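The block underneath contains the structure these notes are about, expressed in structure tokens.
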Amino acid sequence: MSRHVAIVTDSTAYLPPQALERHDVTVVPLTVVIGDRALEEGTEISARSLAEALQKRRAVTTSRPAPEVFAAAYRAAAEAGAQGIVSLHLSGEFSGTYDAAVLAAESAPVPVRVVDTRMVGMALGFCALAAAETVEAGGSLDEAVAAAEKRAVGTSAYFYVDTLDYLRRGGRIGAAQALLGSALAVKPLLELEGGRIELREKVRTASRAIARLEEIAVERAGTGPVDVAVHHLAAPERADALAERLRERLPAVRDLQVTEVGAVIGAHTGPGLLAVVVSPR
């Protein structure tokens with residue numbers, strides 16, 4: 001990191017490697033625990049390995065980074081010349097990652113602004129890019145934080161899962177608990193709301209759920225410039241097809257990414273996940 005303000009995020013942003021390199025964003029990994037093995041997301045376990053473990057019904061849990069890992073990232077940024085750091089993370093409703101970053105920031109050698117974006121996936125990733133682009137344009141630490149927070153407020157994330165079982169196991173269903181009694185009879189469409197997973201709609205079939213996911217994304221995107229990300233886990237053909245339809249229907253789309261989620265989010269959604277992030281500019 002050589003910019004006056006450094007940008008740090010966590011591995012659940014799922015930013016493409018080229019974007020991380022181009023914008024000089026540092027990623028702190030969360031950990032996935034399979035059986036008795038603790039593995040860093042992004043370097044020690046792939047989405048495919050995670051999907052295989054889930055399909056074999058192996059015990060899978062996740063954990064936040066230790067504060068010491070954040071502290072090392074902040075020291076490295078300061079040593080590279082950063083005079084301030086923006087540290088952007090997934091919703092505190094899902095993980096203690098934000099809390100770990102706050103602890104580390106207290107002893108950092110330069111000012112660190114830690115932000116709970118209330119987002120995850122590229123909904124978080126777009127916030128990190130907004131902060132990075134502000135810094136690249138000469139913006140201050142406060143301006144970078146404001147850009148990320150503004151992007152978070154305007155960003156929406158909707159997703160389809162084949163089964164609620166993984167979300168139920170991890171205790172991350174929130175208001176969608178009402179679905180549990182009829183989970184086998186419906187296909188749920190969920191959304192991020194206030195940093196939590198909430199039920200959006202109940203749909204009878206997978207094909208109808210995916211069609212509704214597309215319609216909701218188009219409605220939310222509107223006609224202005226917008227960035228879109230399509231996430232999946234072990235469903236690349238389904239994701240590519242949805243992305244192509246969205247590209248055709250959203251002529252003002254600036255950036256459209258198709259990204260497989262990593263092991264941390266995949267552990268709580270299961271194979272078959274299909275999600276759309278809509279982030280107006």
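Worth saying up front: this structure is predicted, and the values here are computed from it rather than measured.
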Note to self: If you apply the rule salt bridge (Lys or Arg N to Asp or Glu O under 4.0 Å), what do you find for E215 with R249, and how did you get there?
What the structure shows: CA-CA 10 Å; E215 293 300 327; R249 299 185 65 182; 2.8 Å; yes
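L199 and F94 fall within a single hydrophobic cluster, where Ile, Leu, Val, Met, Phe, Trp and Tyr are joined by side-chain heavy atoms under 4.5 Å apart, directly or via other members. By the criterion of side-chain heavy atoms lying less than 4.5 angstrom apart, applied directly or through intervening Ile, Leu, Val, Met, Phe, Trp or Tyr residues, L39 is grouped together with L233 in one hydrophobic cluster.
Atom-to-atom distance recorded for R247:CZ and L256:CG is 4.5 Å, nearest 0.5 angstrom.
Formation of a donor-acceptor pair under 3.5 Å by the H231 side chain with backbone atoms of M122 is found in this model. Not a single donor-acceptor pair under 3.5 Å links the side chain of S156 to the backbone N or O of V278. Distance alone, capped at 3.5 Å, places no donor-acceptor pair between the D255 side chain and the D227 backbone. Not a single donor-acceptor pair under 3.5 Å links the side chain of R113 to the backbone N or O of V86. The closest donor-acceptor contact from the side chain of Y14 to the backbone of I265 lies under 3.5 Å. At least one donor-acceptor pair closer than 3.5 Å links the side chain of K187 to the backbone N or O of D162. For E260 (side chain) and A234 (main-chain N/O), a donor-acceptor pair under 3.5 Å exists by modelled atom type.
Residues D142 and S140 have side chains that never bring a donor and an acceptor to within less than 3.5 angstrom of each other.
Partner of H89 under the side chain to side chain donor-acceptor pair (under 3.5 Å) criterion, out of T9, D10, T12: D10 alone.
At least one side-chain heavy atom of V114 sits under 4.5 Å from a side-chain heavy atom of Y98. Considering only heavy atoms from C-beta on, T97 comes within 4.5 Å of F70 through its side chain. For the pair R254/R281, a side-chain contact is recorded, criterion being any heavy-atom separation below 4.5 Å from C-beta on. No side-chain heavy atom of Q83 sits under 4.5 Å from any side-chain heavy atom of V110. Counting heavy atoms from C-beta outward, L30 and S63 have side chains that stay 4.5 Å or more apart. Considering only heavy atoms from C-beta on, R75 comes within 4.5 Å of P109 through its side chain. Residues L242 and L213 meet the side-chain proximity criterion, which asks for heavy atoms closer than 4.5 Å. Residues F159 and L273 meet the side-chain proximity criterion, which asks for heavy atoms closer than 4.5 Å.
The residues E52 and R58 are annotated as not salt-bridged, no charged nitrogen and carboxylate oxygen being separated by less than 4.0 angstrom.
Shown here is E21, whose CD atom has no more than 12 heavy atoms of other residues, nucleotides or ligands within 6.0 Å.
By the salt bridge (charged side-chain N to carboxylate O under 4.0 Å, His left out) test, E136 is found to be paired with R3, residues two or more places apart in sequence or in another chain being considered.
The two atoms that bring A252 and T223 nearest to each other are CB-O, 3.5 Å, heavy atoms only.
The salt bridge (Lys or Arg N to Asp or Glu O under 4.0 Å) contacts involving residues 30-43 comprise nothing, where partners must be two or more places apart or lie in separate chains.
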